[in-house]
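A short worksheet on the structure shown next.
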Amino acid sequence: MRFQVLGPVEVWEGQTQVLLGGPKLRTVLAALLLARGRVVSDSKLTSLLWGEVPPATYTAQIHTYMSRLRHLIGPQAAVIRQSPGYLLRMPLNTRREPAVLEPAVTVDLLEFERLAAQGREAHKRGDVVAASDLLSAALATWSGPVLGGVTDSLAEDERPHLEETRLSVLEQRIEADLARGRHADLVHELMGWVRAHPLRERLRGQLMTALYRCDRQADALSVFQEGRQALAESLGIDPGPTLSNLYQAILVGDPSLSAPVQRMVLGAHPVAPGLLPAAPADFTGRQAEVAELKELLAAPGKRSGPPAVGAVIGMPGVGKTALALHVAGLVSGQYLDGQLFVDLRGSRPDPLTADGAVGEILRMLGADEDELRAPADSRREMCRRRLMGRRTLIVLDDVVDERQIRPLLPTLPSCGVLLTSRARLSALPGIRPVSLGPFTAADAHALLQSIVGAERLSAAPQAARTLVEDCVRLPLAVRIVGSRLAARPQWPLDRMTKRLAEPHRRLDEFRIADLALRDVFASSYDRLSPSAQRALRLLSLLEAPTFSTWTAALLLDLPLDATDDVIDQLVDVHVVDLAFDTTTGQSVYTLHSLMRSYMRERARANGSVRERREALERLDRPAHFSLGRDEGADTHRLASRLRLESALACGR
């Protein structure tokens, strides 16, 4: 049995969720779990359940809640009456030091605290690799905004402390990662955390350090100035001495800020590195894709020929990394010589080079500083030798293109490789691509339910279905909306549906903490060529769900061949999808509706009103546009069926 409070308050028996009912029973359970075996008094329970005005029958109601809780959790844990209240007793194995819960019962909060304590101890010993892994595992026990589904009184009492503890562990994990020399991987993550917590000086200092080690001194200094302004405006104070001293050290290029190089060795024998990030605890659906990739990567010691190379490809926000990490976790036990993870940063402005990625892999495999300074060709050969005969799984996340990863692919069948990319990677020989689309309605609903809670969705089934469709079943959109609702248990679901129904603020709702749909879409848009960017802006003006090459040619004012070329660029990076119109028997293209909403914003921000108006006028009067072939009449018939937004033509 598994008890959860670090997210929605839930109980799981194996793979089956125990239905707790409304917020009061969740509050009772959470209060007992948070007490860690101590008595929670009747007066405390009364205050948490009803505030300052309890009902006359509060004693009987508390007794009823405890009886229901005993029935739901069965023999795995005991709800005991002990004056002046109740406590929750779970089976402890006292033969261990310290005593821990028996394996049959887990509590995510206790697991978080245990792993965090072990991570801190590892950091004190100087074992930053173990510290990073343990602290990452601790943070992975969180499944969403803490204490989801409880009363406001309990949430207000406990949530600030728990969130502060989580942020402290996060800062310690980042400190360990900086000590491991992983500064390049941390920049994007830290930017999100600093945006979410602009007054937290330790996070800001860690971002400054990471930027400085990436040779971005000016950006690091700018981050300090932004922090000083935020502190002055919010609190009327200056940065503390630690942040100010870091600022001065960056100004003078203090050598102590340089990144250390870590070796993963134990005596003379390399350690088998297990460096996979944790997969999402609420991973949902994708059964066919999981089965296909598991089969591909299975039995590395029995294969012959080239290594198994699988690729998860798809549009931004579709869940590629989540699938890859889930599958990697399932097969990791077959790769006994190590599992490596490299973020190639393909969707960011500063993608990792092939040589930089080879260096990251060598660090993980225990290379020393002299080896890392060897010429590029030597380092590639060294990497191949270290992987020779080893059953090693390599996950290469966020690949830009084939050129970036060719030098990284091992040549022996004992290794397995799993890639994620927005590009199709068609030029890689022997690759097995798995293309991800949006969720099915059932899987999208299942993910939303795992975040928000089954009871809340079942109380408003129509609103739940509407939310899934408002997210257009895009996994990242569903996760963001679900997390926002979990953080606001007092909100009815239809409040969110109404907010999502407002077209001009729709994308504003898809943001929480460091997750923002706009940022994900922008990372794809910004890497496109100017011609492809213009094409996307204009194609977003179409109201029709699909379009043909002829329609695009009219809209873009290009010959058909040139139109094919630019659309191929968009298809290759999964910004536009290729489809098939069963009524006409022709290939057509689709633009995901959330992507269309974002591109319309870019059309208003980056294109001229005249450009948009002229594009729409070409669709209204296709006879005045020559394609150089006898296709004008067909294009005219197609264009006449399109529904266009007149507001956009007027420059909105």
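In this structure, CG in Leu246 is found 8.5 Å from CZ in Phe224, a value given to the nearest 0.5 Å. Atom CG of Leu408 and atom CD1 of Ile361 lie 5.0 Å apart (nearest 0.5 Å). Atom NE2 of His183 sits about 8.5 Å away from atom CG of Asp185, to the nearest 0.5 Å. Atom OG in Ser332 sits 6.5 Å away from atom CG in Leu276 (nearest 0.5 Å). To the nearest 0.5 angstrom, Trp12 atom CH2 is 4.5 Å from Gln17 atom CD. Atom CG of residue Leu162 and atom CG of residue Leu109 lie 6.5 Å apart, to the nearest 0.5 angstrom.
Nearest heavy atom pair, residue Arg68 against residue Leu20, reads NH2-O, 4.0 Å. Considering all non-hydrogen atoms of both residues, Arg166 and Phe112 come closest at CA-CZ, 4.1 Å. Between Ala477 and Phe510, the shortest heavy-atom contact is CB-CE2, 3.6 Å. Contact detail for Val40 and Ala31: the closest heavy-atom pair is CG2-O, 3.7 Å. Closest of all the heavy-atom pairs between Leu418 and Ala328 is CD2-N, 4.5 Å. In terms of heavy atoms, Val342 sits closest to Ala357 at CG1-CB, 4.4 Å.
Glu289 has no carboxylate O lying under 4.0 Å from a charged side-chain N of Lys320, or vice versa, which leaves the two without a salt bridge. Note on Glu201 versus Arg204: no salt bridge recorded, every NZ/NE/NH1/NH2 to OD/OE distance being 4.0 Å or above.
Geometric assessment of Arg81 against the ring of Tyr86 yields a positive cation-pi assignment under the 6.0 Å and 45° thresholds.
Aromatic ring pairs are classed by plane angle as parallel below 30°, tilted from 30° to 60° and perpendicular above 60°; the pair Phe283 and His326 is parallel.
In the displayed structure, Tyr58 atom OH is contacted under 6.0 Å by at most 12 heavy atoms of other residues, nucleotides or ligands. Other residues, nucleotides and ligands contribute only 12 or fewer heavy atoms inside 6.0 Å of the NE2 atom of His188.
Side-chain contact between Leu139 and Val169 is present, with at least one heavy-atom pair separated by less than 4.5 Å. With a 4.5 Å cut-off on side-chain heavy atoms, Pro54 and Leu49 do not count as touching. Using a 4.5 Å heavy-atom cutoff, the side chains of Ile174 and Leu203 are in contact. Side chains of Ile73 and Val18 form no contact here, defined as non-hydrogen atoms less than 4.5 Å apart. The shortest distance between side-chain heavy atoms of Glu189 and Asp177 does not fall below 4.5 Å. Proximity of Thr392 to Pro410: side-chain heavy atoms (C-beta onward) are nowhere separated by under 4.5 Å. Counting heavy atoms from C-beta on, the side chains of Gln61 and Trp50 come closer than 4.5 Å. Between Asp343 and Arg348 there is a side-chain heavy-atom pair separated by less than 4.5 Å.
Asp398 places no side-chain N or O within 3.5 Å of a backbone atom of Leu344 that could act as its donor or acceptor partner. Side chain of Thr151 to main chain of Leu48: a donor-acceptor pair is present (N/O by atom type, distance under 3.5 Å, no hydrogens or angles). In terms of modelled atom types and a separation under 3.5 Å, the side chain of Ser168 and the main chain of Glu164 share no donor-acceptor contact. Checked by atom type and distance alone, the side chain of Arg36 pairs as donor or acceptor with a backbone atom of Leu34 at under 3.5 Å.
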Report task. Assess whether side chain to side chain contact (heavy atoms under 4.5 Å, CB included) is satisfied between Arg345 and Val187, documenting all intermediate values. Result -> CA-CA 11 Å; Arg345 308 198 300 266; Val187 169; over 6 Å; no
Query raised in the report: What's the verdict on side chain to side chain contact (heavy atoms under 4.5 Å, CB included) for Leu325 and Phe341, showing C-alpha distance, side-chain angles and the deciding distance?
Result: CA-CA 9 Å; Leu325 290 177; Phe341 178 89; 3.8 Å; yes
Requested in this report: Just do the side chain to side chain contact (heavy atoms under 4.5 Å, CB included) check on Arg38 and Leu87 with the steps written out, would you?
Outcome: CA-CA 6 Å; Arg38 297 187 297 273; Leu87 62 85; over 6 Å; no
Query - Verdict with reasoning, Leu147 to Arg26, per side chain to side chain contact (heavy atoms under 4.5 Å, CB included) - result: CA-CA 9 Å; Leu147 294 174; Arg26 293 176 189 270; over 6 Å; no
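Judged by distance alone, the side chains of Ser41 and Ser43 do bring a donor and an acceptor atom under 3.5 Å apart. Asp108 and Thr141 share no side-chain donor-acceptor pair at under 3.5 Å. Side-chain polar atoms of Thr284 and Asp443 form no donor-acceptor pair below 3.5 angstrom.
Here salt bridge (Lys or Arg N to Asp or Glu O under 4.0 Å) pairs that include residues 15-24, with residues two or more places apart or in two chains, number zero.
The side chain to side chain donor-acceptor pair (under 3.5 Å) test with Ser132 is passed by exactly one of Gln172, Arg180, Arg173, Arg182: Arg180.
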